[in-house]
Amino acid sequence: MFFLTFSVFLPPSLAQDDLLEAQRPVTGDGYAFWVYTPQDYAQYQRTTPVILFLHGASLKGNDLNKVLRYGPLDAVMKGLVIPAIIVAPQNPKGPWSPRKLNDILTWLQDHYRYNPQRVYVMGMSLGGYGTLDMAATYPDKIAAAIALCGGSTLRDYSGLGQLPLWIIHDTADKAVKIEESKKIVGQMKDRHIDQRLRYDWIHGASHGDLARYFYLSDTYDWLFLHTLIEPLRSVDRNVEITTDERAGAYQKIKKRKKELTIR
């Protein structure tokens, strides 16, 4: 195992105490990745949660800056406050590998202080597949997961029944058909392992529309409501994100960015 910080990126829109670092792969076949540490991290290290963000196919490659185009890292650079360590790897090709993602979490344990009971994974499209594959493979490490317009490459979904899971897909998605998510939901119901499953079918939305969830505080609030120390790890169904909130997500983030620029 090895690591090396090969660049430090601190956009003007990040808060003074925020830090975004690029890391080389921690294993020979692993992923390069970003690590974001939020304001007040030094003060609240041991209680800080971790979010593992998995991008879609459009951001694949070997240019780590592409991972900043959308998602939670873009959201914090535009002013959204996400009080968590955000880990955002880049997948050069193929499906996401749960083993390689777990290698990053193992590395993180050695180099950062955080709350290991509050590690979350979220992703969209190809990252939605990676999210479900990771959650199913390591349910004992993931406190909760959100998969947007994805699916799974696995045949055994039993691990998905062991953690709070929110699957979201749009009915008009032409890039990844909603049947990919419905197949997982259906099999979980058939096997009676859906007690901790929450799912939403968004009517009339297209594939890219679900990226708006990354720019809403409620999305992260839902994740943070769950922890590994809960005996039954029940899923929270009270957080609701309305059509109007989704539609206004980008407008709110633009307003935050403008306010940061003025300050």
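Index from 1, following the sequence.
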Least distance between heavy atoms, V87 atom then P89 atom: O-CD, 3.6 Å

Within the 6.0 Å centroid threshold, strictly below: [X] and [Y]:
X    : Y    : answer
W166 : H226 : no
Y31  : W96  : yes
W201 : Y199 : yes

Ignoring hydrogens and geometry beyond distance, is a side-chain donor-acceptor pair present between [X] and [Y] at under 3.5 Å?
X    : Y    : value
D133 : T153 : yes
K78  : Y250 : no
D218 : Y213 : no
D209 : S206 : yes

- prompt: Can a salt bridge be assigned to the pair R191 and D156 using a cut-off of 4.0 Å between side-chain N and carboxylate O?
  reply: yes

message: Taking the basic N atoms (NZ, or NE/NH1/NH2) and the acidic carboxylate oxygens, is any pair closer than 4.0 Å for D29 and R99?
response: yes

message: Just so I know, are the side chains of L163 and R196 near enough to count as touching, which here means a heavy-atom distance under 4.5 Å?
response: no

- prompt: Can you find a pair of side-chain heavy atoms, one from Q117 and one from T227, that are under 4.5 Å apart?
  reply: yes

message: Let me confirm one number: the CD1-CZ distance from I202 to R212, rounded to the nearest 0.5 Å.
response: 12.0 Å

message: Show me the pairs that pass ring pair (Phe, Tyr, Trp, His ring centres under 6.0 Å) and involve residues 129-152, at least two apart or across chains.
response: none

field: Intermediate values then yes/no, side chain to side chain donor-acceptor pair (under 3.5 Å), T242 and D244
entry: CA-CA 5 Å; T242 67; D244 289 342; 5.3 Å; no

message: Is the ring pair Y41/Y112 parallel, tilted or perpendicular, if the boundaries are 30 and 60 degrees?
response: tilted

field: Test log, rule side chain to side chain contact (heavy atoms under 4.5 Å, CB included), inputs W222 and R198
entry: CA-CA 11 Å; W222 183 88; R198 174 179 179 174; 3.6 Å; yes

